[in-house]
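Report on the structure given below.
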Amino acid sequence: EDQVTQSPEALRLQEGESSSLNCSYTVSGLRGLFWYRQDPGKGPEFLFTLYSAGEEKEKERLKATLTKKESFLHITAPKPEDSATYLCAVYNYGQNFVFGPGTRLSVLP
Amino acid sequence: EAGVTQFPSHSVIEKGQTVTLRCDPISGHDNLYWYRRVMGKEIKFLLHFVKESKQDESGMPNNRFLAERTGGTYSTLKVQPAELEDSGVYFCASRLGGSPTDTQYFGPGTRLTVL
């Protein structure tokens with residue numbers, strides 16, 4: 001069965017303190033790995049899709065990378081407005097989307 | 001362009017009652033998904049519509065849940081009768097078409113509380 005785990009469960013950073021969030025997955029035939037951001041009381045907001053090991057994508061202070069077993073979301077010089085829950089999800093051939101539990105990020109001014 | 005909308009935003013019902021959740025996808029999006037998040041756990045897939053047809057309903061927990069998408073526009077998810085374990089946040093998402101890995105756009109969710 002496909003599984004997605006995320007670590008840490010929660011992370012507190014000072015503004016400007018760079019860090020990385022981890023998403024580990026066990027899935028056969030990965031078709032895509034997705035990163036979403038979710039703010040309290042809102043639905044997930046799409047950030048990135050990664051399709052194959054070695055792929056990287058960037059958006060502002062965020063950079064997502066993918067290996068055969070895990071993905072990292074690197075946050076460079078975060079700001080308080082980057083505070084949110086970051087969700088990872090995978091899509092497998094013949095399956096449907098499997099989400100991880102998320103990492104709650106707090107960036108303190 | 002309007003995003004995915006869901007109604008109501010909150011619903012509180014008694015065990016045994018019926019509740020109907022509604023999702024309006026982004027106009028022109030053929031693909032519509034229902035997900036739910038219960039008890040702070042991860043978001044789980046419920047089902048997938050392509051236009052008015054159920055493409056995959058493997059995530060529906062039991063026959064107390066009925067989803068419809070008449071005319072291929074908005075969708076409803078009915079829970080009848082509701083049980084305590086149905087409490088959670090129900091999300092709807094829509095996708096334009098093409099590949100399953102194309103971007104899904106999520107609505108704000110409906111928070112359902114069953115007492």
Side-chain angles (χ1 to χ4, degrees), chain A residues 1-10 21-27 29-53 55 57 59 62 64 66 71 84-104, chain B residues 2-10 21-26 29 31-50 54-61 67 88-96 98-113:
Chain A
E1 184 178 315
D2 298 348
Q3 279 196 316
V4 178
T5 59
Q6 293 187 244
S7 61
E9 182 177 326
L21 313 182
N22 175 266
C23 170
S24 295
Y25 62 92
T26 53
V27 63
L30 179 74
R31 287 190 68 177
L33 183 141
F34 311 85
W35 281 99
Y36 287 87
R37 168 195 171 123
Q38 186 174 21
D39 293 296
K42 297 188 176 181
E45 176 187 345
F46 172 77
L47 292 174
F48 303 108
T49 304
L50 301 168
Y51 296 97
S52 57
E55 189 175 1
K57 288 191 176 175
K59 179 181 178 180
L62 301 177
L66 181 65
S71 177
T85 295
Y86 290 84
L87 301 169
C88 171
V90 297
Y91 180 76
N92 182 14
Y93 281 101
Q95 302 295 323
N96 266 296
F97 292 86
V98 178
F99 278 82
T103 293
R104 293 191 314 275
Chain B
V4 177
T5 58
Q6 294 186 245
F7 182 83
S9 57
H10 293 85
L21 313 181
R22 173 170 169 146
C23 168
D24 285 78
I26 294 172
H29 281 200
N31 294 271
L32 187 150
Y33 299 80
W34 283 99
Y35 297 87
R36 76 172 179 177
R37 185 175 212 164
V38 297
M39 292 296 291
K41 294 188 176 180
E42 62 271 18
I43 295 173
K44 285 197 180 291
F45 165 82
L46 296 179
L47 88 161
H48 171 208
F49 282 101
V50 178
K54 292 176 185 175
Q55 181 78 10
D56 183 346
E57 52 183 330
S58 61
M60 295 287 264
V89 182
Y90 290 76
F91 293 104
C92 173
S94 72
R95 171 171 64 81
L96 179 58
S99 169
T101 55
D102 287 346
T103 301
Q104 291 187 27
Y105 297 90
F106 281 76
T110 292
R111 180 174 295 277
L112 174 64
T113 302

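Each chain gets a letter, A, B and so on, in the order the sequences are listed, and its residues count up from 1. Model, not experiment: these values are computed from the prediction.
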Report summary line: Okay, B/Q104 and chain A: the region with an atom under 4.5 Å from a heavy atom over there is both

**Report entry** Residue part contacting chain A, namely of B/S9, when any heavy atom lies under 4.5 Å
**Finding:** neither

Query raised in the report: To the nearest 0.5 Å, how far apart are CZ in B/F106 and OH in A/Y36?
Result: 4.5 Å

Report task. State, yes or no, whether a side-chain contact exists between A/F34 and B/T103 at a heavy-atom distance under 4.5 Å. Result -> no

Show me the donor-acceptor pairs within less than 3.5 Å that the side chains of residues 37-47 of chain B make with the rest of the protein, sequence neighbours left out.
unit_1, atom_1, unit_2, atom_2, d
B/R37, NE, B/K41, O, 2.7
B/R37, NH1, A/Q38, OE1, 3.1
B/R37, NH2, A/P101, O, 3.1

**Report entry** Atom CZ of A/F46: over 12 foreign heavy atoms under 6.0 Å
**Finding:** yes

Query raised in the report: Do other residues, nucleotides or ligands put more than 12 heavy atoms under 6.0 Å from B/R111 CZ?
Result: no

Requested in this report: Could you tell me the separation between the OH atom of B/Y33 and the CZ atom of A/F97, rounded to the nearest 0.5 Å?
Outcome: 5.0 Å

Query raised in the report: For A/Y91, is it the side chain, the backbone, both or neither that has a heavy atom under 4.5 Å from a heavy atom of chain B?
Result: side chain

Query raised in the report: Is the number of heavy atoms from other residues, nucleotides or ligands within 6.0 Å of NZ (A/K42) greater than 12?
Result: no

